[in-house]
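Since the structure comes first, as structure tokens, the remarks are kept for the end.
Order of the sequence lines sets the chain letters (A, B, ...), proteins ahead of strands, with each chain counted from 1.
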Amino acid sequence: MTQEHIVVLANTGETFRCSAGESVLAAMERVRRKGIPVGCRNGGCGVCKVEVIEGQFTRRKMSRAVVTAEEEARGRVLACKIHPQSNLRIQAVGKMARTVEAQQDRTSFVSGFMATPAASQPDTET
Amino acid sequence: MALTGVLRPGHVALRVLEMEPALKHYVDVLGLAEVARDKAGRVFLKAWDEHDHHSVVLREADEAGMDYMGWRVDSPATLKKLAADIETSGLASDMAWIPAGEHPATGERFRFTIATGHAMELFAEKDKVGNDCGTDGPDTNPNPWPDNLHGIAPSRFDHCLLYGDDLDGAVKLFRDVLGFSLAEQILAGPDGNLMIGAFLTCSNKPHDIALIRQPVKGKFHHASFILGSWEQVLKAGDILSRNKVSLDIGPTRHGITRGETIYFFDPSGNRNEVFSGGYIHYPDKPTITWTEQEIGPAIFYHDRKLNERFLQVFT
Ligand code: FES
Ligand SMILES: [Fe+2]
């Protein structure tokens with residue numbers, strides 16, 4: 001069995017185990033933690049975006065529409081496309097991260113349909 | 001011929017991050033057939049009951065999402081006329097003629113960008129390669145389905161749902177210039193008169209394209225393929241699980257269109273749907289309206305609530 005590493009989610013303080021054989025997002029889903037938003041699980045939508053604060057990992061190809069080269073250089077990656085090589089400390093930063101923390105209600109959710117680009121452009125967080 | 005002008009969605013061109021896993025998904029699991037590859041590495045696929053040469057185009061790229069969607073029109077004369085109408089409408093930008101043969105077995109295409117930022121194409125000619133059902137010639141004494149099906153095996157590419165900002169401009173182009181009708185709409189906002197969803201048809205189907213108002217340009221929500229029954233949708237769920245495909249939601253039913261559905265993701269995060277059912281649309285059918293309060297059952301009739309993923313996850 002591949003070695004398991006410990007992943008710490010800085011947003012919530014939650015921890016879970018993840019082996020090098022699975023993505024950080026898949027491991028989180030397997031143990032039913034809710035710390036990182038789950039979208040396509042395949043590197044296309046960007047909702048699982050995290051910043052790796054500490055630790056080593058390998059990565060697979062991610063859509064440049066949701067992770068720019070500059071972002072990647074700053075340690076921003078997609079949790080569904082990284083595999084830990086050591087214990088990791090990460091922070092969720094994707095377009096649903098605030099929702100995960102705040103448990104947005106339905107009213108503000110529907111208003112997302114009408115939001116102006118400036119107010120809710122998904123990928124402009126810095 | 002009573003169905004004239006724009007006949008149907010003829011192709012969708014998708015960007016994938018890596019071609020090999022994409023083909024495993026679209027060919028082995030979804031069950032489309034590979035019909036051609038070109039020098040640029042694009043792969044052309046079709047569903048079994050489509051007579052036209054191809055309906056899905058995959059291109060390896062650094063970004064997931066949709067390049068364009070193509071519409072088959074009834075004749076070269078209609079193609080010329082609609083292209084001219086689009087040009088004078090002021091409702092489209094980036095117009096260009098793509099020469100015949102740029103897609104294999106396909107005539108010239110007129111490409112334009114609609115107000116939501118999506119590239120669309122019209123074309124009049126694509127070779128008929130048949131559906132492998134005939135017993136005494138391609139279309140003579142056919143069997144109901146061919147022998148060589150595998151995977152989920154939908155019969156056709158059916159529609160796309162796309163996200164964009166200027167819904168009004170896009171809907172106006174489809175209705176006023178291309179002759180689509182509005183089968184269903186979602187209205188919201190303080191006065192309940194802001195259209196946030198449009199389900200447009202050029203045929204007898206409940207929709208050939210759906211557009212949802214979101215503060216983005218040119219985004220792709222899903223490409224959908226049609227199955228023959230609710231039982232086949234449930235079996236699709238079995239096949240997706242067996243192949244560990246990333247599931248979005250379902251099997252469930254849409255209130256809008258009444259379709260029975262399952263949503264899942266390709267290996268690049270592009271959403272796919274297979275569905276069955278729906279009703280028969282005629283151009284004189286009154287437009288169905290869904291209000292903001294009932295948006296949950298409109299989208300997911302069984303759960304009666306919209307999940308966060310429906311709005312936030314797209315490519
Ligand atoms: S879940 Fe879509 S990019 Fe990770
Ligand atoms: Fe659909």
Among Leu167(B), Leu247(B), Asp248(B), which residue forms the greatest number of heavy-atom pairs with chain A at distances under 4.5 Å?
Leu247(B)
Are any side-chain N or O atoms of Asn42(A) and backbone N or O atoms of Asp266(B), one a donor and one an acceptor, separated by less than 3.5 Å?
yes
Cut-off 4.5 Å, heavy atoms of chain B, and the answer for Val67(A) is neither
Which residues in residues 233-246 of chain B have any heavy atom closer than 4.5 Å to a heavy atom of chain A?
Ser246(B)
Which pair of heavy atoms, one from Cys45(A) and one from Val313(B), lies closest together, and at what distance?
CB-CG1, 3.6 Å
Could you tell me which portion of Asn270(B) (side chain, backbone, both or neither) has an atom closer than 4.5 angstrom to a non-hydrogen atom of chain A?
neither
Pairing residues for Val56(B) by the side-chain contact (heavy atoms from CB on, under 4.5 Å) criterion, not counting sequence neighbours:
Val12(B), Leu32(B), Leu45(B), Leu58(B), Phe225(B)
Which residues in residues 55-64 of chain A have any heavy atom lying under 4.5 Å from a heavy atom of chain B?
Arg60(A), Lys61(A), Met62(A), Ser63(A), Arg64(A)
Closest approach of Phe265(B) and Gly39(A), non-hydrogen atoms and distance?
CE1-O, 3.6 Å
Heavy-atom count around Arg17(A) CZ within 6.0 Å, excluding the residue itself: above 12?
no
Tell me if the CD atom of Glu18(B) is crowded by more than 12 foreign heavy atoms within 6.0 Å.
yes
For Glu63(B), which residues count as a side chain to side chain donor-acceptor pair (under 3.5 Å) partner, sequence neighbours excluded?
none
What do you reckon, is CZ of Arg111(B) surrounded by more than 12 foreign heavy atoms closer than 6.0 Å?
yes
Please find the pair of heavy atoms, one from Lys81(A) and one from Pro267(B), that lie closest to each other, and give the distance.
NZ-O, 4.2 Å
